[in-house]
Number of protein chains: 2
Amino acid sequence: MVGMTPEATRTAGTTGTTGTAAKRGRPPAFDRTAVLAAATRLFWERGYQATSVGELTGAMGIKPGSLYAAFGDKAALFREVVEGYGRSPEGGFVGVALAQEASARAAFARILREAARIYPDPTHPAGCLVMNAAVNTAAQDEEVAEFLRGLRAENLRLFEERLTDAERLGELPPGTSPAALARYFGTVLQGMSQRARDGADTTELAATAELALAAWPPERP
Amino acid sequence: MVGMTPEATRTAGTTGTTGTAAKRGRPPAFDRTAVLAAATRLFWERGYQATSVGELTGAMGIKPGSLYAAFGDKAALFREVVEGYGRSPEGGFVGVALAQEASARAAFARILREAARIYPDPTHPAGCLVMNAAVNTAAQDEEVAEFLRGLRAENLRLFEERLTDAERLGELPPGTSPAALARYFGTVLQGMSQRARDGADTTELAATAELALAAWPPERP
DNA sequence: TTCTTTCTTGAGCGATCACTCAACAAATGG
DNA sequence: CCATTTGTTGAGTGATCGCTCAAGAAAGAA
């Protein structure tokens, strides 16, 4: 059932009216990015398993046949949703901060403060999609759980990488290992995502972020 | 369907051979605490929604009819499981530490260090049952989600209460509000639970606990 | 026009979901 | 003994799950 994954299901364009060479066959009746956005909202809100295909087709405005023809199956749709989420501002702010900030401390301070703003933002479901969908998957969905675990592990690896650089530059508090600090900030970030889902607002999460940063003494300019 | 909650479903005794007055009718064929333990493991491992009644009856060694006669329905069984979990060492260590430790700092240090030991303990499912079951509930299970949110909120309230006492005694770092510190530790604890489910071991979580405690300057003896 | 390709549609697949119930079994009270 | 109460059992409820498929529709290619 899985494993045939047709590579020919790319429609690419958002509106489709771009000047690319015309395609054969009947064109899709839906905007791929629009229906992906609808699916994203649902998965973000309810998680992977708790979101049914029926709810998905309802929110996306397409029939099951179209969904399976365009995306493969529920798991493949979810993976595509997560990929898109990682490229969005709400899902990609961590990578952006790590890449843009000059010092490691500035990067992690920005990450925590932006999380305090983004996670409880009422214009989208609360928390981080990847962290939300984390817990509680049935035995049958083990592949999806492993996929999500991998994403979180990759995030921790990026944290550690950045902090190892910081250690070489003498930015770290004495006696602190980069790995330990990376896992600490990862833990706080996961906690903040879950707190947001429990209704924590920006003010509360911002205070948490500042307290969490106290584990790291201020920079000496 | 809900709301009739028969109060007559108490069998109380573990083995039943205690000297209480004999009961009418056919005695249960199963040990109530034993089957509750089996249900606890399953809910702890998979969460509420991802655990099916079929899996429950299989692990508990009873038929659906017996389950519904003895516990009401899936949600009521889950609530009874959570109550028992809260009275167990693994689920109740937070309350014990808050009650037993003399200073607030000692209490929270103990909470975080015990969490680092308990959450990844391989003799039971990883993390905290209440925090695990938190995320991702379908719309139909909103009552269960609300029940769990309430438990976590109550925990935060206990944190804040303890820290308000600490503030009156001058134990708190200057400029820190008890509520903010309570939410910070609650956030770290939630993150540690989730990290444990992602495979974090005691050593890693202990290091995280010490870093988290750095937000609170050491006591002056 | 006709052929080929691609997508949509509506019906429906078997499996599983939480849950129920009549019939039977085992205990106590009289 | 019989009546009552309580528990177990096996079969089975309708609903929903993820998913499939033949038939038809809309496009370009010939």
Side-chain angles (χ1 to χ4, degrees), chain A residues 1-13 16-17 20-32 35 39 42-43 46-58 60-78 137-141 143-144, chain B residues 1-2 4 6-13 16-17 20-32 35 39 42-43 46-58 60-78 137-141 143-144:
Chain A
M1 301 220 175
V2 194
M4 20 200 354
T5 53
E7 295 290 330
T9 34
R10 287 290 124 76
T11 315
T17 47
T20 51
K23 314 240 176 51
R24 296 276 302 249
R26 177 174 176 175
F30 56 87
D31 181 346
R32 189 176 181 93
V35 302
L42 227 53
F43 278 131
R46 298 217 218 284
Y48 174 73
Q49 182 185 247
T51 305
S52 74
V53 175
E55 290 172 317
L56 285 166
T57 54
M60 298 163 88
I62 61 177
K63 300 288 165 59
S66 297
L67 190 154
Y68 282 87
F71 298 101
D73 62 0
K74 186 186 174 186
L77 169 63
F78 180 70
T137 40
Q140 65 194 39
D141 299 322
E143 294 173 33
V144 174
Chain B
M1 301 222 173
V2 194
M4 21 200 352
E7 296 289 331
T9 35
R10 286 291 122 79
T11 314
T17 46
T20 51
K23 314 237 177 52
R24 296 279 301 254
R26 177 175 176 174
F30 57 86
D31 181 346
R32 189 177 180 91
V35 302
L42 225 54
F43 278 131
R46 299 217 219 283
Y48 173 73
Q49 182 186 247
T51 304
S52 74
V53 175
E55 289 172 319
L56 285 167
T57 54
M60 299 161 88
I62 61 177
K63 301 287 165 59
S66 297
L67 190 154
Y68 283 88
F71 299 101
D73 62 0
K74 184 186 174 185
L77 169 63
F78 180 70
T137 42
Q140 65 195 40
D141 299 321
E143 293 174 33
V144 174

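Remember, it's a predicted structure, so these values are computed and weren't measured experimentally. Only heavy atoms go into these numbers, but all of them, side chains included; no hydrogens, no water, no symmetry mates. Every chain is numbered from 1 and lettered A, B, ... according to where its sequence line falls, protein lines coming before strand lines.
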Exercise. Where is the tightest heavy-atom contact between B:Gln49 and A:Ala50, given as atom of each residue plus distance?
Worked result: NE2-CB, 3.1 Å
Tabulate atom names and distances for all N/O pairs under 3.5 angstrom spanning the protein and nucleotides 23-30 of chain C.
residue: C:dA25; atom: O4'; partner: B:Arg26; partner atom: NH1; Å: 3.4
residue: C:dA25; atom: N3; partner: B:Arg26; partner atom: NH1; Å: 3.3

Atom-pair distance ([atom1] on [X]; [atom2] on [N]), nearest Å:
X	N	atom1	atom2	result
B:Arg46	C:dA18	CZ	P	12 Å
B:Phe30	D:dT6	CZ	P	15 Å
A:Lys63	C:dG12	NZ	C1'	14 Å
B:Met60	D:dT9	CE	P	13 Å
B:Leu42	C:dA18	CG	P	11 Å

Exercise. Between D:dG7, C:dT8, D:dG10, which one does the side chain of B:Pro28 approach most closely?
Worked result: D:dG7
Give, for atom [atom1] of [X] and atom [atom2] of [Y], the distance between the pair rounded to the nearest 0.5 Å.
X	Y	atom1	atom2	value
B:Arg46	B:Leu56	CZ	CG	9.5 Å
A:Phe71	A:Ile62	CZ	CD1	6.0 Å
A:Thr57	A:Leu67	OG1	CG	7.0 Å
B:Leu42	B:Met60	CG	CE	9.5 Å

Exercise. With sequence neighbours left out, what residues match B:Ala29 under side chain to side chain contact (heavy atoms under 4.5 Å, CB included)?
Worked result: none
Problem set entry | Reading 5' to 3' through nucleotides 13-18 of chain D, protein heavy-atom contacts under 4.0 Å coded B for base, S for sugar-phosphate only, - for none | ----SS
Seminar exercise, completed: Note: for B:Gly65 and A:Leu67 on DNA chain C, the residue whose nearest nucleotide lies more 5' is A:Leu67
For this session: Please work out which of the three classes, parallel, tilted or perpendicular, describes the rings of A:Phe78 and A:Phe43, given edges at 30° and 60°.
Result: perpendicular
